[in-house]
J.: 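First the structure, which I've put down as structure tokens, then a few questions once you've had a look.
Just follow the structure's listing: the first ligand is 1, and inside any ligand the first atom is 1. No experiment lies behind these values; they were computed from the predicted model shown.
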Amino acid sequence: MLTVFDHPLIKHKLTVMRNKETGTKDFRQNLDEIGGLMVYEITRDLPLKEVDIETPICAYKGSTLAKEVVIVPILRAGLGVVNGIQNLIPTAKVAHIGMYRDEETLEPHPYFEKYPSCMEDAYVLIVDPMLATGGSSIAAIDMVKRQGSKNIKLVCLVGAPEGVAAVEKAHPDVDIYLASLDDHLNEKGYIVPGLGDAGDRIFGTK
Ligand SMILES: O=P(O)(O)OC[C@H]1O[C@H](OP(=O)(O)OP(=O)(O)O)[C@H](O)[C@@H]1O
Ligand SMILES: O=c1cc[nH]c(=O)[nH]1
Ligand SMILES: [Mg+2]
């Protein structure tokens, strides 16, 4: 299932990010904020468990999160989405998947993976600002599934129709969330209109 968020705050912040005049600091800040806004909606289905506590006044049956939440950024650019989610879910654990896309072939190349021990039963959010051909996301979902995870969501900011179709075909059980479904990929595999190279804009490496 694909969900594209239609919210004025997300549209406003994404426009700031798309603007080529926006520098690293504001790019990162808006990415943080959009990540938080998206995750607030995405996590409506987070399971809760009942807990007995005492308020200063009386006994109370309350609710706490029933599952571990694991954020899985696809390095490097995915790191830019972690902070905004952790602000809302400070107990979330963070796995890391290192992956770069070959500039010529556009094939994904994994170079690092590290997971917490709770992956099998966790509520997993794979995060990356960009879903272009879908190769990196598909490879990351494959890797997370090899850890035994079943409850996986893919959270990206900007997606291309080609990438969405590829992920839906490879992993029909994984819900995809976007802030914007853009128009197409150009001949170099960049999303149009997009926001350029997200990793470079987050880390100032251009
Ligand atoms: O859908 P795809 O065609 O696979 O492209 C998307 C991937 O490309 C970018 O990463 P990049 O390879 O630039 O690595 P970086 O984050 O280190 O810059 C982006 O952050 C995604 O991970
Ligand atoms: O448009 C794109 C496509 C892949 N990776 C990016 O950072 N931007
Ligand atoms: Mg990059």
J.: Looking at every non-hydrogen atom in both residues, tell me the closest pair between Val70 and Cys118 and how far apart they are.
T.: CG2-SG, 3.8 Å
J.: Which protein atoms of type N, O or S are found under 2.8 Å from the Mg ion (ligand 3)?
T.: Asp197 OD1
J.: Can a side-chain donor-acceptor contact be found between Thr133 and Arg101 if the only test is distance below 3.5 angstrom?
T.: no
J.: Using a 4.0 Å cut-off on heavy atoms, what residues surround ligand 1? Order them by chain and number.
T.: Leu75, Arg76, Ala77, Met99, Tyr100, Arg101, Asp128, Met130, Leu131, Ala132, Thr133, Gly134, Gly135, Ser136, Asp197, Gly199
J.: Does Tyr60, at its OH atom, have more than 12 non-hydrogen atoms belonging to other residues, nucleotides or ligands within less than 6.0 Å?
T.: no
J.: Between Asp142 and His171, do the side chains contain a donor N or O and an acceptor N or O under 3.5 Å apart?
T.: yes
J.: For Lys67, is the NZ atom crowded, meaning more than 12 foreign heavy atoms sit under 6.0 Å from it?
T.: yes
J.: Could you tell me whether Asp26 and Arg201 make a salt bridge, using a distance below 4.0 angstrom between a side-chain N and a carboxylate O?
T.: no
J.: Report all protein residues having a heavy-atom distance below 4.0 Å to some atom of ligand 2; order the list by chain, then number.
T.: Arg101, Met130, Ala132, Gly189, Tyr190, Ile191, Gly196, Asp197, Ala198
J.: Say whether, by atom type as modelled, one donor and one acceptor occur between the side chain of Asp182 and the main chain of Gly194 under 3.5 angstrom.
T.: yes
J.: Pick out which of Leu157, Ile42, Leu37 makes a side chain to side chain contact (heavy atoms under 4.5 Å, CB included) with Phe5.
T.: Ile42
J.: Who pairs with Tyr100 by ring-ring contact (aromatic ring centres under 6.0 Å, His included), at least two apart in sequence or on another chain?
T.: His109
